[in-house]
Amino acid sequence: ISAQLGDRGEKRINIIWETSYGEAARTLKKENGEVVMHNDSFVVPEEYQGQGIGAKVFGQQIDTARKLGVKKIRTMASRSDRGGWIGYKVWPKFGYEGDIPPDIEVNPPNGERKVSELMRTKSGRDWWAENGTSVGLEFDLTPGSYSMVTWEAYKRLKGI
């Protein structure tokens with residue numbers, strides 16, 4: 001954990017987590033008077049993928065962030081077929097939401113405008129897995145928000 005002044009004089013706290021199961025980098029800072037956490041990176045080695053490590057770590061992050069007064073978690077949910085980056089399709093399943101990028105080449109199946117709208121149906125999730133791209137997303141930590149309701153449903157489904 002390190003603290004520093006950002007480019008515009010704002011205070012930032014950088015958090016690095018490293019284990020054999022993966023590594024993550026997080027930044028805490030104030031934006032418009034709110035404490036916001038940025039998920040800068042999260043990598044789980046291929047041999048550990050599919051074991052629920054990401055969901056468990058994210059659950060712990062939610063609990064800690066709420067205790068720290070964080071209101072939102074933001075991330076760039078990346079896609080790289082060659083690099084194995086799959087955040088674009090994983091983070092929305094946890095409850096992250098954001099706009100479908102306007103430059104996407106294939107129109108969504110039912111004219112959806114938000115990634116969260118695609119997550120409501122299997123056909124939407126399948127379409128996003130195939131056609132989705134890197135996208136900026138946000139997780140709202142407010143009780144009862146779309147993000148929290150979706151996260152709780154995901155936990156029940158996966159038995160977390």
Side-chain angles (χ1 to χ4, degrees), residues 17 21-66 68-160:
W17 168 81
Y21 300 113
E23 59 186 59
R26 307 288 185 250
T27 303
L28 278 171
K29 62 183 179 176
K30 273 198 168 182
E31 293 180 3
N32 301 318
E34 288 185 332
V35 179
V36 176
M37 181 176 282
H38 286 261
N39 282 357
D40 302 318
S41 68
F42 184 65
V43 178
V44 175
E46 193 172 336
E47 64 266 25
Y48 297 113
Q49 291 178 10
Q51 299 178 24
I53 293 169
K56 289 174 188 166
V57 169
F58 186 62
Q60 293 170 350
Q61 180 184 4
I62 287 172
D63 294 343
T64 300
R66 292 179 79 186
L68 292 172
V70 173
K71 301 297 181 194
K72 294 178 170 64
I73 303 172
R74 295 192 177 121
T75 194
M76 174 53 71
S78 299
R79 178 178 187 167
S80 171
D81 296 335
R82 286 176 289 175
W85 295 89
I86 59 170
Y88 79 102
K89 64 181 179 179
V90 174
W91 294 120
K93 292 177 184 178
F94 291 176
Y96 276 84
E97 56 183 337
D99 294 332
I100 296 169
D103 60 345
I104 205 150
E105 294 181 14
V106 180
N107 289 328
N110 296 307
E112 293 90 347
R113 303 184 108 192
K114 297 211 170 270
V115 176
S116 56
E117 294 171 349
L118 290 168
M119 295 298 109
R120 293 181 181 144
T121 65
K122 181 174 180 347
S123 63
R125 290 187 298 274
D126 291 346
W127 182 89
W128 183 246
E130 179 70 27
N131 300 291
T133 186
S134 297
V135 61
L137 298 174
E138 182 174 277
F139 191 97
D140 182 351
L141 291 161
T142 305
S145 68
Y146 166 83
S147 297
M148 290 303 298
V149 168
T150 302
W151 173 245
E152 292 300 325
Y154 183 87
K155 287 189 339 184
R156 282 191 304 276
L157 179 69
K158 298 294 185 176
I160 298 173

Quick check for you: to the nearest 0.5 Å, what is the distance between W85 atom CH2 and M76 atom CE? 12.0 Å

Report yes or no: does R74 contribute a side-chain atom to a donor-acceptor pair with the main-chain N or O of V36 at less than 3.5 Å? no

Quick check on K155: does its NZ atom have over 12 non-hydrogen neighbours (other residues, nucleotides or ligands) under 6.0 Å away? yes

Test Y96 against every option in W91, W151, Y146 by the ring pair (Phe, Tyr, Trp, His ring centres under 6.0 Å) rule and name the one that passes. W91

For side chain to side chain contact (heavy atoms under 4.5 Å, CB included), just list the numbers for T142 and K71, CA-CA rounded to whole Å, side-chain angles, deciding distance to a tenth of an Å, and then say yes or no. CA-CA 7 Å; T142 305; K71 301 297 181 194; 5.7 Å; no

Side chains of R113 and D99 in contact at under 4.5 Å (non-hydrogen atoms): no

Non-hydrogen atoms of A24 and F42 that approach each other most closely: CB-CD1, 3.5 Å

Euclidean distance, L157 CG relative to K93 NZ, rounded to 0.5 Å: 10.0 Å

Working for side chain to side chain contact (heavy atoms under 4.5 Å, CB included), residues D126 and K122: CA-CA 6 Å; D126 291 346; K122 181 174 180 347; 2.8 Å; yes

Atom pair CD1/CD of I53 and Q51 - distance to nearest 0.5 Å: 5.0 Å

What is the distance from atom OG1 of T75 to atom CZ of F139, rounded to the nearest 0.5 Å? 12.5 Å

Counting heavy atoms not belonging to N32, are there more than 12 under 6.0 Å from its CG? no

Kindly give the heavy-atom pair with the smallest separation between S78 and S134, and that separation in Å. CA-OG, 3.4 Å

Measure across K30 and G33 and return the closest heavy-atom pair with its distance rounded to 0.1 Å. CE-O, 4.3 Å

Where I104 and N131 come nearest, the two heavy atoms and their spacing: CD1-O, 3.2 Å

Using the ring centroid of each side chain, check whether F58 and Y154 are separated by less than 6.0 Å. no

Could you tell me whether D140 and K72 have a side-chain N and a carboxylate O separated by less than 4.0 Å? no

Hey, what do you get for CD1 (I73) to CD (Q61), rounding to the nearest 0.5 Å? 4.0 Å

For I100 and V135: C-alpha separation, side-chain torsions, deciding distance, then whether side chain to side chain contact (heavy atoms under 4.5 Å, CB included) applies. CA-CA 7 Å; I100 296 169; V135 61; over 6 Å; no

Identify the two heavy atoms, one from E97 and one from S147, that lie closest to each other, and give their separation to 0.1 Å. OE2-OG, 4.2 Å

Testing the 3.5 Å rule here: is there a donor-acceptor pair between the side chains of R26 and N39? yes

Take atom CD of E46 as the centre, draw a 6.0 Å sphere, and report whether it contains more than 12 heavy atoms from other residues, nucleotides or ligands. no

Smallest heavy-atom separation, I160 atom then A55 atom, equals CD1-CB, 3.4 Å

For R66, I'd like to know if atom CZ has over 12 heavy atoms of other residues, nucleotides or ligands within 6.0 Å. yes

From CG (L141) to CD1 (I62), nearest 0.5 Å: 6.5 Å

